[in-house]
**Student:** 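Structure incoming, see below.
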Amino acid sequence: MTVDTLINWFVTLGDFPVLSFLLAVVISGIPLFLVMALNAMIAVYVERKVSAFMMDRVGPMGQGPGLHAGKWGVLQTAADAIKLLVKEDTVPETSDKFLFKMAPYIIFIGAFLGLAAVPFSSTLQVVDFNVGVFYIIAVGSIGIVGIVMAGWASNNKWSLYGAMRSAAQIISYEIPAGLSIIIPIMMAGTLNIQELIAFQSGSVWGILPNWIIFNNPFSFVAFFTFFISAVAETNRTPFDIPEAESELVAGWMTEYSGFRWAVFFLSEYANMLVVSGLAVAGFLGGWQSPIPGLFNTGLWGLFWFMSKLGFLIFVMMWFRWTFPRLRVDQLMHVCWKVLIPITMFNIFGVGIWKLIFG
Amino acid sequence: MGVVQGDQMILNIGPQHPSTHGVLRLEVMTDGEIVSQIRPHLGYLHRCFEKHSENVTYEQVIPFTDRCDYLASMNSNFGYVVAMEELMEIKVPERVEYIRVIMGELNRIGSHLLALGVYGLDIGAFTPFLYMLRDRERILDMFEYTCGARLLYNYMWIGGVSHDLPKDFETICTDFLDYFEPQIKEYNNLLSFNKIFVERTADVGVIPADVAVSYGVTGPNLRASGVKWDVRKDEPYSIYEKFDFDIPTGTGKFGTLGDCYDRYWVRMLEIKESIKILRQALKEIPSGDVHQALPKKIRPPKGSVYRRTESPRGDLGYYIVSDGTPVPFRVKMRSPAFTALSCLDEVSRGWMISDVIAILGSLDIVLGEIDR
Amino acid sequence: MSRYFQNIYDTLSTLLTGMSITWKHMVNIKRDNVTLQYPEERWPRPERNIGFEHENYNVIRSRLHVDIDDCIGCLKCERACPVDCIKIDTIKAPTRGEDIPDVKHTGETSNGTKKALVVSRFTIDMSECCYCNLCAYPCPEECIFMVGGPNSSKHPIDYEFSEFDRTDLIYQFAKKLSTEEKENLQKPLPEAKA
Amino acid sequence: MTSAEIKAVIMDQFPGSVIESEDLAEKQVELKADQWFNIATFLKEDPNLAFDQLECITGIDLGEEASLQTRYNLHSMEYRHKIEILISHDRKEPKVASIEKIWRIGDWFERETYDMFGIVYEGHRDLRRILCPDDWEGWPLRKDYEGQESYHGIVVPKMKEEDGWE
């Protein structure tokens, strides 16, 4: 929405369409980058604290003399950011230098583009495609190119292992993710995300909000299959095999350090944001308020969207600090022999449900 | 090295790797993920324990035995001291025997806790490791009350122990046991019965019983393969006959007998057995002077002794040859982790890289003891 | 077919119990927190009174310290050390038991034994010490001990003695003797014999 | 079965291979080196001996000019009886048949004894040093072992006197 309004506004100033288009895109891109950076900052801090609390420890606390990490370790992320900026990012001698340098940007682009279609609130959305859901799924697989490029370019066996594993994982988990996001589209009849959310307004049986997750049992299961394959797509536990700490040291990120590694980190958290944004928009009623009647005007929409987003990201972190890691062939087994049959069955089920109940 | 075929790749799970449990280099021949051969390279942590012990007196060897198996150094002392007392025919007062059994069993629980926690880490679960280390800290504190050190104690001497137990050690220990018993249930719910953990460990790295015996594997790894062999029961030393505890063996709980899960599960059951022993020992401990049987001058008669004791990793044997002088003529330490590692090659053929890490973790090796 | 659904059910139930445990730990972090903020809060070392009388024995493992006035130079601790990190040189004192003020040597130890040797060098290399405490037991004068525990009134426990340069970890306990002081300590002996 | 009976069984199976000597402890049996491989297979295969576990191989250097010795501790899981077998070799070129085909752990134990004493085990599948680096000179645990001056240019410090001690 912001890009269209900007374009219309610029066109009124003077009719040079190409320049106004470029200006509009650049101007609306900057807040997107800020959202990414802010999200990474907060998510890193929350991850440290959540993992600490789950392990009976308190995580970064600001103790000790001199430069330390703020009252409750709040400055810890600032310290991380400065460290990553200041630290020397080495390019290995035997690596394929050009590919090595390009990889972070391709992964960043994958995450950045996906963020453009996330509906933060009814008005706050960078671009309102009429094929929003399809766009996010398509853009989500740009990241694999970057990962494989990074793994191959760093010219070390561990990174190659990591890259091969993550390529297999992300590609194969695109299918259950895509199949289970079809269900909201089937029910709402539209690919446009704003209309999808609008469809989920009102209430069913009086008290329950009319979200797709509560609509029928099949879509309830579809939310979980989508969420599980979303976790797998962002390489988070229990599917964090590409950068398995105890086997591949850090997978395809082993040779990176300094700012390039920060870009990987940024785009991992941005991917988490995009994917859980899609889950919220598709199943949990986007910026609709959980209490059907009240609080759904103006800024409330943003609040509801961010709180649902926060909860899903918290659940992803909760997974990370509770589950062990799957092996690569088990990962494939879960995808092809468990998730895909279930999603197929769900689609069939929703089809029948819509036929009967209209 | 032989001609390396097309897709054969030599991967060095090198001396510096997050899950080799010490400084060990595994030269793994893989094609893709499947492992075809593993050649372990040892010696990175070789500190000439046997050469040292030919130049220091008998009681000065004890700090060196600590540093071999630094995760269970109480049991390492225990083994050396039992062997020496057999050589010198020293009868140790009853109270010292009880103190040694208590310390040995506490150290066994501590070592198993770390083994299980780190095994969870190798499979990818971070949190159980933290919980288990938190409980292990309480055991280390008890060691610190008694002998001042947390990890390397030099506590058991030939003919006695260096310090008597502090006054309220019994209450501190029973409080710990009462606190610790329900924790085991929590570990089981969090990790042992976790389906992903079971998937990753059941039927992986199976060691059949005869292969285990032929490779000299002992301790929990051997019992997991179904062979009921425990030095505390079959070649009793100190006062282990007084306590009734049973020997848990592998039962193929979630997969075939002798797989990684059995080795993990046998260690978990052994912690429960050690708690049983501790409770009995704490109730029946007599009073007495612990320094009574300490010999003034340690000068054993000419001769040799080979004595095995049950360390958390298996049969810890000391072969001590003395020639009548206060300096040992030859001290050989038979290390259980050394034999456990030797069967890694045959066991992990055909498995994937992440399984090799799982199998290595389940064998619970300590490189200090392997390289001596 | 039923095994397939049994598998899925197992996975869900065990994963959810696992998650409930971590949730329980996360929620009551105030009660279960184990970490200490190191520089401010310190883990109490065992010298606090937990049930044994400090006077009769010292169980602390920390930095070694020697009361050089009590040391009679018997070299027992040097022989007891498994890693040979104690080095002692002694010179025959001209007369047994008398103080020699100019080298600040006291003739008698605190519990009354007369000294026959002047300890000219007593160095302990703490970077090599393995903290096994074997040297503290044979000492007849109990002048070598690990700081803290019973003697924490005079020497509070110290386990944070890290240095920037390794040779700073070599502690000299003997009083400094210049070379000519060493000569004239040996010189009078021949006259006494003659 | 007590070790005396086991000794008697070995004596009548392999006459002339057992060396009698008085300073041996009751549980030790000294054998000649020549028939060792057949005796070992016999000890393992024989149903009522069934020594299926090789506990430990210890190499010993009996003194400046005296001979080297390998001591095998064998144990049977079935009958829970043990035996200790001693085999001496002369210092110049110590040789004995390898038993790693019989007990798989012999592979590593023999490599360690070779690494420390230089006792060559013939028929071993890949006899090389296990603990010391492959190109280390000398046999460290022999009584007459002189540490080499430097290894790959790193000087092996003799005594701590010189550095840093005033």
**Student:** Let me know if D:D61 has heavy atoms under 4.5 Å from chain B in its side chain, its backbone, both or neither.
**Tutor:** backbone

**Student:** Just how far is it from atom CG of B:L42 to atom SG of D:C132, taken to the nearest 0.5 Å?
**Tutor:** 11.5 Å

**Student:** The test is side-chain contact (heavy atoms from CB on, under 4.5 Å); show your working for B:K51 and D:Y145 and say whether it passes.
**Tutor:** CA-CA 10 Å; B:K51 189 75 176 175; D:Y145 168 70; 4.1 Å; yes

**Student:** For side-chain contact (heavy atoms from CB on, under 4.5 Å), just list the numbers for B:L341 and D:W108, CA-CA rounded to whole Å, side-chain angles, deciding distance to a tenth of an Å, and then say yes or no.
**Tutor:** CA-CA 10 Å; B:L341 186 65; D:W108 276 25; 3.9 Å; yes

**Student:** Name the member of D:D115, D:D126, D:N73 that forms the most heavy-atom pairs with chain B at distances under 4.5 Å.
**Tutor:** D:N73

**Student:** Check D:E84 against B:S304 and note the closest heavy-atom contact, atom names and distance.
**Tutor:** OE2-OG, 4.4 Å

**Student:** Under a 4.5 Å heavy-atom cut-off, does chain D meet the side chain of B:Y44, its backbone, both or neither?
**Tutor:** neither

**Student:** Return the NE2 to CD1 distance between B:H46 and D:I130, rounded to the nearest 0.5 Å.
**Tutor:** 11.0 Å

**Student:** Which pair of heavy atoms, one from B:W229 and one from D:M77, lies closest together, and at what distance?
**Tutor:** CG-CE, 3.7 Å

**Student:** Heavy-atom distance under 4.5 Å between the side chains of D:I60 and B:Y319, does that happen here?
**Tutor:** yes

**Student:** Using a heavy-atom distance cut-off of less than 4.5 Å, which residues of residues 85-105 of chain D contact chain B?
**Tutor:** D:W103, D:R104, D:I105

**Student:** I'd like to know which of B:E50, B:K302, B:E346, B:K228 tops the heavy-atom pair count under 4.5 Å against chain D.
**Tutor:** B:E50

**Student:** Flag the pair D:E112 and B:K332 as a salt bridge only when some basic side-chain nitrogen lies within less than 4.0 angstrom of an acidic carboxylate oxygen.
**Tutor:** yes

**Student:** Apply side-chain contact (heavy atoms from CB on, under 4.5 Å) to residues B:E235 and D:H75 and explain how you reach the verdict.
**Tutor:** CA-CA 12 Å; B:E235 263 178 34; D:H75 166 76; 4.3 Å; yes

**Student:** Which atoms of B:V211 are under 4.5 Å from chain D, going by heavy atoms: the side chain, the backbone, both sets, or neither?
**Tutor:** neither

**Student:** Please look at D:R128 and chain B and tell me whether the side chain, the backbone, both or neither of the residue comes under 4.5 angstrom of a heavy atom of that chain.
**Tutor:** side chain

**Student:** Does B:Q16 have more than 12 heavy atoms from other residues, nucleotides or ligands lying within 6.0 Å of its CD?
**Tutor:** no

**Student:** Between B:H41, B:R334, B:R308, which residue shows the highest count of heavy-atom pairs closer than 4.5 Å to chain D?
**Tutor:** B:R308

**Student:** Got a second to check how far D:L141's CG is from B:R330's CZ, nearest 0.5 Å?
**Tutor:** 5.0 Å

**Student:** So which heavy atom on D:L131 is nearest to which on B:I370, and how close?
**Tutor:** CD2-O, 4.1 Å

**Student:** Considering only heavy atoms, give the residues of residues 49-59 of chain D separated from chain B by less than 4.5 Å, sorted numerically, with 'none' for an empty result.
**Tutor:** D:D52, D:Q53, D:E55, D:C56, D:I57, D:T58, D:G59

**Student:** Start with the C-alpha distance between D:F109 and B:T339, add both sets of side-chain angles, then the distance that settles side-chain contact (heavy atoms from CB on, under 4.5 Å), and finish with yes or no.
**Tutor:** CA-CA 9 Å; D:F109 279 151; B:T339 52; 3.8 Å; yes

**Student:** Does any backbone or side-chain atom of D:R129 lie under 4.5 Å from a heavy atom of chain B? Answer side chain, backbone, both or neither.
**Tutor:** neither

